[in-house]
2 protein chains.
Amino acid sequence: MEYVETLKKNGYRITKQRSEILNALATYPLSVHELFKILQQKSVKIDLASIYRSLETFERLGLVASSDLGEGKKRYELLHTKHHHHLICTSCGGIEDIDCADIETAIQKIYKNTQFKVERHTLEFFGQCHLCQQL
Amino acid sequence: MEYVETLKKNGYRITKQRSEILNALATYPLSVHELFKILQQKSVKIDLASIYRSLETFERLGLVASSDLGEGKKRYELLHTKHHHHLICTSCGGIEDIDCADIETAIQKIYKNTQFKVERHTLEFFGQCHLCQQL
DNA sequence: ATCCCTGCAAAGCCTTTGCATGCGC
DNA sequence: GCGCATGCAAAGGCTTTGCAGGGAT
């Protein structure tokens with residue numbers, strides 16, 4: 001329930017909808033539509049727009065991280081664990097977490113530890129280029 | 001012009017539009033709309049749908065790679081170089097290439113070599129999970 | 001009571017699809 | 001001439017935005 005403090009401290013309100021979103025994210029990285037369906041099944045009245053707006057707020061506060069897995073939409077997950085990456089099965093779409101470690105050796109270790117056979121990977125660095133640091 | 005052979009060998013045709021797409025991609029990773037604008041300026045008559053269809057074909061043939069840089073759209077680049085990754089400046093949006101190497105040491109080397117200050121990175125592995133390999 | 005948050009509706013992008021015409025082979 | 005590729009138009013999926021009412025503080 002630490003997220004309650006983070007929200008309040010920054011002047012945001014705790015609502016039924018926001019609590020349910022964070023609850024639903026507790027187990028697995030979800031897309032917006034998956035979140036929507038889960039909340040509907042729990043009879044939580046919510047709109048897609050509210051989910052988008054809440055997730056944007058959560059991400060800005062560092063409560064949630066979004067990742068783009070090339071599905072044409074983002075997935076969101078709770079940031080309760082340390083920085084890590086994902087193994088996405090191209091057959092079943094399942095997602096597993098892995099630690100952030102060396103790449104080349106990582107791929108070998110991944111297979112050894114999880115039997116997940118890596119076929120391709122993407123790695124993107126975001127930051128400030130040399131010129132932009134001087135502005 | 002090796003792409004001509006690849007296309008022909010697989011039963012695809014060389015058209016003005018396809019040549020121009022591949023030409024335009026030669027220098028920099030482009031989004032579909034950037035491609036569209038460039039071709040329009042060169043007075044090449046082409047439709048967005050044709051660009052999407054061509055890029056899908058090129059990607060399937062391994063001529064082109066797409067990457068999702070969290071912009072809500074894909075970028076496409078020519079696969080004439082070896083496997084590499086990107087440095088995306090969060091200020092100017094500029095994209096630089098880097099070799100595929102260790103991550104932790106990579107970030108230090110990146111700064112040393114390019115003065116690019118990495119703030120965050122995403123790493124995604126795609127492949128077959130243990131269960132799906134047995135189907 | 002204030003002001004944020006929500007639902008509803010509409011619209012904005014990016015992308016895909018159907019269909020008839022056109023062009024490479 | 002055959003059949004893929006194209007342009008045009010329409011539609012689909014994901015996401016954003018405007019606005020008035022409702023709820024958290």
Side-chain angles (χ1 to χ4, degrees), chain A residues 1 3-24 29-40 42-61 63-76 93, chain B residues 1 3-24 29-40 42-61 63-76 93:
Chain A
M1 298 298 180
Y3 68 81
V4 173
E5 291 144 33
T6 307
L7 285 172
K8 284 193 173 174
K9 188 165 49 188
N10 290 86
Y12 295 98
R13 294 173 182 172
I14 320 295
T15 65
K16 174 81 172 163
Q17 287 84 349
R18 289 185 170 174
S19 303
E20 293 287 355
I21 290 173
L22 290 165
N23 269 335
L30 297 172
S31 69
V32 170
H33 276 79
E34 286 168 350
L35 255 173
F36 183 59
K37 273 193 261 175
I38 289 174
L39 296 192
Q40 277 190 321
K42 294 181 72 176
S43 303
V44 178
K45 185 177 187 184
I46 195 165
D47 189 76
L48 282 171
S50 301
I51 299 181
Y52 280 107
R53 282 187 278 229
S54 293
L55 289 173
E56 187 197 345
T57 300
F58 296 160
E59 192 169 13
R60 189 158 18 85
L61 294 178
L63 293 174
V64 147
S66 71
S67 47
D68 207 317
L69 309 185
E71 304 167 298
K73 63 190 168 197
K74 288 184 178 177
R75 285 189 172 275
Y76 295 83
Chain B
M1 299 295 179
Y3 68 82
V4 173
E5 291 145 33
T6 307
L7 285 172
K8 283 193 173 174
K9 188 164 53 187
N10 290 86
Y12 295 99
R13 293 172 181 172
I14 320 295
T15 66
K16 173 83 172 162
Q17 286 83 349
R18 287 185 171 173
S19 303
E20 293 286 356
I21 290 174
L22 291 165
N23 269 335
L30 297 173
S31 69
V32 170
H33 276 80
E34 288 168 349
L35 256 173
F36 184 58
K37 273 193 260 175
I38 290 174
L39 297 192
Q40 277 190 321
K42 295 181 70 175
S43 303
V44 178
K45 185 177 187 185
I46 194 165
D47 190 75
L48 282 172
S50 300
I51 299 181
Y52 279 108
R53 283 187 278 229
S54 292
L55 288 174
E56 186 197 345
T57 300
F58 296 161
E59 191 169 13
R60 190 157 17 85
L61 294 178
L63 293 174
V64 146
S66 71
S67 47
D68 207 316
L69 308 186
E71 304 167 297
K73 64 191 168 198
K74 288 184 179 176
R75 285 188 174 274
Y76 295 83

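Source: prediction; values computed, not measured. A note on names: the letters A, B, ... follow the listed sequences, proteins ahead of strands, and every chain is numbered from 1.
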* Asked: Would you say C/dC23 has OP1 or OP2 under 4.0 Å from some side-chain N or O of B/Q17?
  -> no

* Structure fact -> To the nearest angstrom, the CG-P distance between A/D47 and D/dT16 comes to 13 Å

* With the side chain counted from C-beta on, respond yes when A/R75 and A/E34 share a heavy-atom pair under 4.5 Å apart, and no when they do not. => yes

* Base, sugar-phosphate, or nothing: which does B/K45 touch, judged by heavy atoms less than 4.0 Å apart? -> sugar-phosphate

* To do: Report yes if a donor N or O on one partner sits less than 3.5 Å from an acceptor N or O on the other, where the partners are the side chain of A/R53 and the base of D/dG18; otherwise report no.
  => yes

* To do: Would you please confirm or rule out a distance under 4.0 Å between OP1 or OP2 of C/dC14 and any side-chain N or O of B/H33?
  => yes

* Separation of A/S19 OG from A/I21 CD1 (nearest 0.5 Å) -> 9.0 Å

* To do: Select one nucleotide: of D/dT16, C/dT15, C/dT16, the one nearest the side-chain heavy atoms of B/A49.
  => C/dT16

* Spacing between A/E71 atom CD and C/dC14 atom C1', to the nearest angstrom -> 16 Å

* Check whether any side-chain N or O of B/Y52 sits under 4.0 Å from OP1 or OP2 of C/dT16, and answer yes or no. => no

* Could you state the NZ-P distance from A/K37 to D/dG13, rounded to the nearest angstrom? -> 12 Å

* **Residue pair B/Q17 / B/S50, side-chain heavy-atom distance below 4.5 Å** => no

* Asked: Expressed in angstrom and rounded to an integer, what is the separation of A/K73 atom NZ from C/dT15 atom P?
  -> 15 Å

* When the nearest nucleotide of DNA chain C is assigned to B/K16 and to B/K74 on a heavy-atom basis, which residue is associated with the more 5' position? -> B/K74

* Asked: Counting side-chain heavy atoms from C-beta on, which of C/dA9, C/dT15, D/dT6 comes nearest to B/T15?
  -> D/dT6

* Could you state the atom-to-atom distance from OH of A/Y12 to C1' of C/dT6 in whole Å? => 16 Å

* **Pair of N/O donor and acceptor under 3.5 Å linking C/dC4 base with A/R13 side chain** => yes

* With heavy atoms under 4.0 Å as the rule, sort A/S54 into base, sugar-phosphate or nothing. => sugar-phosphate

* To do: Can you tell me the distance, in whole Å, between the NZ atom of A/K8 and the P atom of C/dC4?
  => 17 Å

* Structure fact -> Between CD of B/E34 and P of C/dC13 the distance, given in whole Å, is 15 Å

* Within-4.5 Å side-chain heavy-atom neighbours: A/Y3 and A/L61 -> no

* A/T57 versus A/V64: any side-chain heavy-atom pair under 4.5 Å? -> no

* Asked: Among the nucleotides D/dT16, C/dC25, C/dG7, which one has an atom lying closest to any side-chain atom of B/I14?
  -> C/dC25

* **Whole angstrom value for the distance that separates P of C/dT6 from CD of A/E20** => 12 Å

